[in-house]
Amino acid sequence: QLQLAESGGDLVQPGGSLRLSCVASRFTSNYYYMIGWFRQAPGKEREGVSCISATGGNSNYADSVKGRFTISRDNIKNTVYLQMNSLNPEDTAVYYCAARSVRSPFWCSTAGEYDYWGQGTQVTVSS
């Protein structure tokens, strides 16, 4: 079992930056966990933003954020980060982190079913 908590959401101006954090109750367990960031705006379908493998060696990004967002993880601190740069109003959404227990520590995907979810943190990009 994992407990996830996101933080760092805020109101920022277009072109600004924000770093989201996702703290997990435990990463140092008998399981490997890939971590994904998702977002959902009102009236829109949930979108996979990024994911990172258990080792931190592999990551993926949605086309809409590639080149602007960077995912990373610190397994000692049990924390995954999402650095968001060059934000625009289309990035406005509730951002969720999620964990998926996997056998391989070397891959990730936002397409699979995730087992654990945080409560979300609001990101608003507006002037």
Side-chain angles (χ1 to χ4, degrees):
Q1 295 293 123
L2 277 183
Q3 307 258 63
L4 303 175
E6 307 96 334
S7 64
D10 206 348
L11 171 65
V12 297
Q13 295 183 338
S17 297
L18 208 58
R19 188 174 77 160
L20 306 183
S21 298
C22 174
V23 180
S25 59
R26 58 180 183 134
F27 285 152
T28 55
S29 69
N30 293 327
Y31 297 95
Y32 298 116
Y33 296 97
M34 68 171 66
I35 303 295
W37 282 99
F38 300 81
R39 66 185 182 185
Q40 187 167 26
K44 295 184 178 180
E45 189 174 282
R46 187 182 67 197
E47 175 189 17
V49 176
S50 182
C51 67
I52 190 166
S53 63
T55 63
N58 286 310
S59 59
N60 289 305
Y61 300 90
D63 289 341
S64 59
V65 307
K66 190 174 183 179
R68 299 187 297 119
F69 290 11
T70 303
I71 191 170
S72 62
R73 68 188 293 164
D74 184 337
N75 287 341
I76 301 301
K77 295 182 178 180
N78 287 356
T79 302
V80 174
Y81 304 96
L82 185 67
Q83 178 66 47
M84 306 185 295
N85 298 324
S86 301
L87 288 164
N88 59 65
E90 293 180 317
D91 297 315
T92 296
V94 177
Y95 283 71
Y96 300 89
C97 67
R100 179 182 175 184
S101 179
V102 295
R103 290 187 173 183
S104 173
F106 306 118
W107 69 278
C108 76
S109 175
T110 58
E113 293 185 355
Y114 278 70
D115 304 304
Y116 309 100
W117 292 81
Q119 298 284 18
T121 184
Q122 177 70 49
V123 172
T124 302
V125 185
S126 176
S127 298

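All values below come from the heavy atoms of this structure, side chains included, with hydrogens, waters and symmetry mates left out. Quick note: residue numbers are just sequence positions, from 1.
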Checklist entry - Who are the side-chain contact (heavy atoms from CB on, under 4.5 Å) partners of Cys51, not counting sequence neighbours? => result Asn60, Cys108, Thr110, Tyr114

Checklist entry - Is there side-chain contact between Cys97 and Val80, with heavy atoms separated by less than 4.5 Å? => result no

Checklist entry - What is the distance from atom CD of Gln83 to atom CG of Leu20, rounded to the nearest 0.5 Å? => result 9.0 Å

Checklist entry - In chain order, what residues pass the salt bridge (charged side-chain N to carboxylate O under 4.0 Å, His left out) check against Arg68, with sequence neighbours excluded? => result Asp91

Checklist entry - Ser53 side chain to Asn58 main-chain N or O, any donor-acceptor pair under 3.5 Å? => result yes

Checklist entry - Listed by chain and number, what are the salt bridge (charged side-chain N to carboxylate O under 4.0 Å, His left out) partners of Glu90, not counting sequence neighbours? => result none

Checklist entry - Within a strict 4.5 Å, meaning less than it, do heavy atoms of the Leu11 and Ser126 side chains meet? => result yes

Checklist entry - Can you find a pair of side-chain heavy atoms, one from Asp115 and one from Tyr33, that are under 4.5 Å apart? => result no

Checklist entry - Tell me, do Pro14 and Asn88 make a side-chain contact under 4.5 Å, heavy atoms counted? => result no

Checklist entry - Counting distance only, does the side-chain N/O of Gln40 pair as donor-acceptor with the main-chain N or O of Val94 below 3.5 Å? => result no

Item to check | Distance in Å, Leu4 CG paired with Tyr96 OH, rounded so as to fall on 0.5 Å steps | outcome: 13.0 Å

Checklist entry - Going by heavy atoms in the side chains, are Ser64 and Arg39 under 4.5 Å from each other? => result yes

Checklist outcome for this item: Shortest non-hydrogen pair, Asp10 vs Leu18, comes out as N-CD2, 3.6 Å

Checklist entry - Do the non-hydrogen side-chain atoms of Met84 and Val49 ever get within less than 4.5 Å of each other? => result no

Checklist entry - Can you tell me how far CG of Leu2 sits from CD1 of Ile35, rounded to the nearest 0.5 angstrom? => result 6.5 Å

Checklist entry - Do the ring planes of Tyr95 and Phe69 sit parallel (below 30°), tilted (30 to 60°) or perpendicular (above 60°)? => result tilted

Next on the checklist: Using only atom types and a distance under 3.5 Å, with no angle test, would you say the side chain of Thr55 pairs donor to acceptor with the backbone of Pro105?
Outcome noted: yes

Checklist outcome for this item: The reported gap from CH2 in Trp107 to CE in Met34 (rounded to nearest 0.5 angstrom) is 3.5 Å

Checklist entry - Which heavy-atom pair separates Trp37 from Ser21 by the least distance, and what is that distance? => result CH2-O, 3.7 Å

Checklist entry - Does Gln122 reach the side chain of Thr92, with side-chain heavy atoms less than 4.5 Å apart? => result yes

Checklist entry - Would a 4.5 Å heavy-atom cut-off, applied to side chains only, mark Ile71 and Tyr61 as touching? => result yes

Checklist outcome for this item: Between Ala54 and Asn75, the two heavy atoms sitting closest are O-ND2, 3.1 Å

Checklist entry - Does any N or O in the side chain of Tyr116 come within less than 3.5 Å of the main-chain N or O of Ser101, such that one atom is a donor and the other an acceptor? => result no

Checklist outcome for this item: Nearest heavy-atom contact between Ala98 and Phe38 is CB-CE1, 3.9 Å

